[in-house]
Number of protein chains: 2
Amino acid sequence: MSNVAADPETAEEDRLNRAFAALSDPLRRKLVARLAQGDATVNELAEPFSVTLQAISKHLRVLEDAGLITRSRDAQRRPCHLDSQALGRLTAWLEGYRQAAEERYSRLDALLASQEDPS
Amino acid sequence: MSNVAADPETAEEDRLNRAFAALSDPLRRKLVARLAQGDATVNELAEPFSVTLQAISKHLRVLEDAGLITRSRDAQRRPCHLDSQALGRLTAWLEGYRQAAEERYSRLDALLASQEDPS
DNA sequence: AACTTGATCAACTAAGCAGTTGAATACATC
DNA sequence: GATGTATTCAACTGCTTAGTTGATCAAGTT
């Protein structure tokens, strides 16, 4: 039942799986948005929403398992902290392919332009 | 049964839902990676994988519904094209919060440094 | 020790999704 | 018009997940 991949290559895959899946839920994205403003406890995070505290707790677990947040301890409280580096890894993945695609298109555009005007 | 949100605010939400969900699948990420190299047909995209063509077709539909790819027509073929702008919108979302978080931390670091060394 | 607050665990339900097989559609060629 | 090729549709199965309620644990308060 271990969800943790052994092989480091699939481990990175797994981390991307979880991170993107975590961000596919609008409530979890709102939690991320809130945490970007500063650390917060489960109760604080739950306050604006009309779902149960347990639901929020589960969402935070998903974010934690995805490596997007970390949690510490302050008496009974479990403050959540957004890991900006984790967000950075996602943008790095996206940007790699976006730039590759965009470069190709601009080369294609240049080719087409030279075809139209073969001075 | 319409999956398209009416209100423009939830429409953007919906687009993010679908885009992040689409990228949470490793096979779909591989399709994106392949398409970053250049447009391709369903058969070409399916070739490296051991799943059925129908499965690939479904994955492409998910990517299309998420706005990550567009599709044209060439006789029976349906070539797929990666929409780099869609990837850009995702990085924009991520970067907004990453930078906000990082800025806060650097301010906090500065504060702590000044506390340690109140010259 | 009893009580309150903060958070999680456990069990369940309803919904969604990745994959399959088999049938159907759309276009191109013979 | 029959055949082959590229792709999608339809129906089904197994697994995962968001949400709920009720119980439990952990730490501070009286």
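Note that the structure is a prediction, hence the values are computed from the model and not measured. Lettering follows sequence order; numbering is per chain, from 1.
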Between the protein and nucleotides 26-30 of chain C, list every N/O to N/O distance that falls short of 3.5 Å.
from	atom 1	to	atom 2	distance (Å)
C:dC27	O2	B:Gln76	NE2	3.0
C:dA28	O4'	B:Gln76	NE2	3.4

Any sub-3.5 Å donor-acceptor pair from [X]'s side-chain atoms to [Y]'s backbone N or O?
X: B:Arg98; Y: A:Gly88; answer: no
X: B:Thr52; Y: B:Ala55; answer: yes
X: A:Glu44; Y: A:Thr41; answer: yes

Legend entry - Basic-acidic side-chain contact under 4.0 Å: B:Asp14, B:Arg18: yes

Legend entry - Nucleic acid contacts - residues 37-51 of chain B versus DNA chain D, non-hydrogen atoms under 4.0 Å: B:Thr41, B:Val42, B:Asn43

Inset, instruction - Using heavy atoms and a sub-4.0 Å distance, could you list which residues of residues 24-32 of chain B are near DNA chain D? By number, please. - result: none

For [X], all residues meeting side chain to side chain contact (heavy atoms under 4.5 Å, CB included), sequence neighbours excluded:
X: A:Arg104; answer: A:Arg107, B:Asp39
X: A:Ala33; answer: B:Tyr97
X: B:Leu53; answer: B:Val42, B:Asn43, B:Ala46

Inset, instruction - Hey, could you give me each pair passing salt bridge (charged side-chain N to carboxylate O under 4.0 Å, His left out) that has a residue in residues 74-87 of chain B? Not counting sequence neighbours. - result: B:Asp74-B:Arg77

For residues 59-69 of chain A, which side-chain donor-acceptor pairs fall under 3.5 Å, sequence neighbours excluded?
from	atom 1	to	atom 2	distance (Å)
A:His59	ND1	A:Arg28	NH1	3.2
A:Arg61	NH1	A:Asp65	OD1	3.4

Inset, instruction - Can you sort out which residues in residues 53-67 of chain B have a heavy atom within less than 4.0 Å of DNA chain C? Ascending by number, please. - result: B:Gln54, B:Ala55, B:Lys58, B:His59

Legend entry - side-chain hydrogen bond (donor to acceptor under 3.5 Å, both in side chains) partners for B:Arg15, two or more places apart: B:Glu12

Inset, instruction - Could you list the residues that satisfy side-chain hydrogen bond (donor to acceptor under 3.5 Å, both in side chains) with B:Ser84, not counting sequence neighbours? - result: A:Glu102

Inset, instruction - Would you please name every residue forming a ring-ring contact (aromatic ring centres under 6.0 Å, His included) with B:Phe49, sequence neighbours left out? - result: none

